[in-house]
Amino acid sequence: MPEGHSIRRDATQAKAALGGQVLRASSPQGRFAESAALLDGLVLRATDPHGKHLFLDFAPTPRSKPVRWLHVHRGLYGVWMLQRHDGVEPLPPRGAVRLRLSSETHTADLRGPTACDLVTPPEVQAIHDRLGADPLRPESDPERAWERIHRSRVGIGALLMQQEVVAGVGNVYRAEVLFRARVDPYRQGRDLTRAEWDGIWADLVELMRAGVRSGRIVTTLPQDRERTSGRARRVDAHYVYRRAGEPCRVCGTPVRTAVLVARNLFWCPVCQAH
DNA sequence: TCTGCATGAAAAA
DNA sequence: TTTTCCTGCAGAG
């Protein structure tokens, strides 16, 4: 599920599997063929995730092609498929593979991304500048987001989805962090207290770091995970996300849902009364 | 096995 | 406001 934590994992895995080696690049699907040809033979120097955007920094080789950045945004469906083949031929592409990057040992296939472009350093910078504070970037400053939020008449549930305000939060983290803070998603940004925002930010940092470690979004506290008695070992990972009509894990009130900014919002009308 | 919905965001209309 | 990426998965059967 590509919220910010997933992209950070992509960055780490791509660097580990492909970094520092001369890569082969191709576009089995064809739509990225020209650009892939420009990447072919370059070395992946670094990966840099910011919010839901991933930047891959390719160094020139002695054959002197210009330095290039690859910009990837997975969007809703996009996914990296990584295989290790250790010198043996990699398995053929499955599905519509926009970009295949191979080292001697690993192959990464990118399918279904919203964005996969070669960009110049100024273009990379423009995207960084446009994005808001990312809870997963150590240098991120929640003050910047607060400046936007505390004078906005837009609801906090909508503000959290704006990547220029907070980068990397998606629909799951939005719903869950507001539940954990007991804040009504429709409350205007300017009606949030500073303490509430600080709490939400700190919680995002904690939740998303946990997401990076585990690869999934789990926001429930152990005491709120009680399920029926028996087996059904499905972990109750969320308080409200995708639980419309089901009882709130804390107060039992049916979870409500509504469309907000073209996304399904979920909240408990009692726990998040204001 | 089939169907419909889902984490996002840019471009088109 | 609608379309586009066109995958993964849960739930139905």
Side-chain angles (χ1 to χ4, degrees), chain A residues 1-11 27-33 35-36 49-55 70-83 91-100 108-119 123-124 126-132 134-136 154 157-179 185 204 207-208 210-212 214-219 227 232-246 255 257-267:
Chain A
M1 308 194 172
E3 298 196 19
H5 68 301
S6 308
I7 310 309
R8 186 146 293 255
R9 289 170 66 88
D10 293 346
S27 178
Q29 172 218 37
R31 284 187 44 188
F32 196 64
S35 298
H50 190 167
K52 297 166 190 167
H53 298 255
L54 175 59
F55 299 97
L70 177 68
H71 170 227
V72 173
H73 193 299
R74 283 167 52 178
L76 192 56
Y77 314 111
V79 64
W80 286 100
M81 302 289 292
L82 188 64
Q83 55 171 307
L91 296 172
R94 230 175 334 156
V97 172
R98 186 83 63 86
L99 171 66
R100 163 167 279 199
D109 287 338
L110 176 64
R111 302 191 294 199
T114 286
C116 175
D117 312 292
L118 292 185
V119 288
E123 288 169 331
V124 171
I127 295 168
H128 282 305
D129 292 346
R130 190 178 80 219
L131 291 172
D134 179 347
L136 291 174
V154 175
L159 287 168
L160 284 177
M161 295 290 278
Q162 292 179 10
Q163 300 298 301
E164 322 86 75
V165 178
V166 184
V169 171
N171 206 19
V172 183
Y173 282 123
R174 151 178 82 171
E176 294 297 304
V177 80
L178 289 177
F179 179 87
L204 280 174
L207 287 177
M208 292 178 74
V212 173
S214 69
R216 52 188 304 234
I217 301 177
V218 177
T219 60
R227 245 305 192 230
R233 278 302 93 188
R234 202 185 76 226
V235 178
D236 303 320
H238 310 135
Y239 282 106
V240 290
Y241 175 71
R242 285 260 261 171
R243 296 194 62 242
E246 294 176 51
V255 170
T257 185
V259 175
L260 179 65
V261 206
R263 314 303 297 264
N264 292 322
L265 170 70
F266 303 89
W267 79 103

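This is a predicted model, so every value here is computed, not measured. Proteins get letters first, then strands, A, B, ... in listed order; numbering begins at 1 in each.
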Can you tell me how far P in C:dG8 sits from the matching atom in B:dA10, rounded to whole Å?
23 Å

Salt bridge (charged side-chain N to carboxylate O under 4.0 Å, His left out) partners for A:R98, two or more places apart:
none

OP1 or OP2 of B:dG8 versus the side-chain N and O atoms of A:H73: is any pair under 4.0 Å?
no

Could you write out each protein N or O paired with an N or O of nucleotides 5-8 of chain C at a distance under 3.5 Å?
| from | atom 1 | to | atom 2 | distance (Å) |
| --- | --- | --- | --- | --- |
| C:dC5 | O2 | A:T114 | OG1 | 3.4 |
| C:dC5 | N4 | A:Y77 | OH | 3.3 |
| C:dC6 | OP1 | A:Q29 | NE2 | 2.7 |
| C:dT7 | O3' | A:R111 | NH2 | 3.4 |
| C:dG8 | OP1 | A:R111 | NH2 | 2.6 |

C1'-based separation of C:dC9 from B:dA9 [nearest Å]:
22 Å

For A:D134, which residues count as a salt bridge (charged side-chain N to carboxylate O under 4.0 Å, His left out) partner, sequence neighbours excluded?
none

Taking ring-ring contact (aromatic ring centres under 6.0 Å, His included) as the test, write out the residues that go with A:F32, two or more places apart.
none

Using a cut-off of 4.0 Å on non-hydrogen atoms, how would the nucleic acid contact of A:R216 be classed: base, sugar-phosphate, or nothing?
nothing

Nucleotide-level pairing of DNA chain B, given in dot-bracket where Watson-Crick and G-U pairs need both distances under 3.5 Å and | marks other strands:
||||||.|||||.

For the pair made of CG in A:N264 and P in B:dG8, what is the distance, rounded to whole Å?
11 Å

So, does A:K52 use its side chain to make a donor-acceptor pair with the main chain of A:S6 at under 3.5 Å?
no

My understanding is that only residues two or more places apart in sequence, or in another chain, count here; which of them pass ring-ring contact (aromatic ring centres under 6.0 Å, His included) with A:F55?
A:H71, A:H128

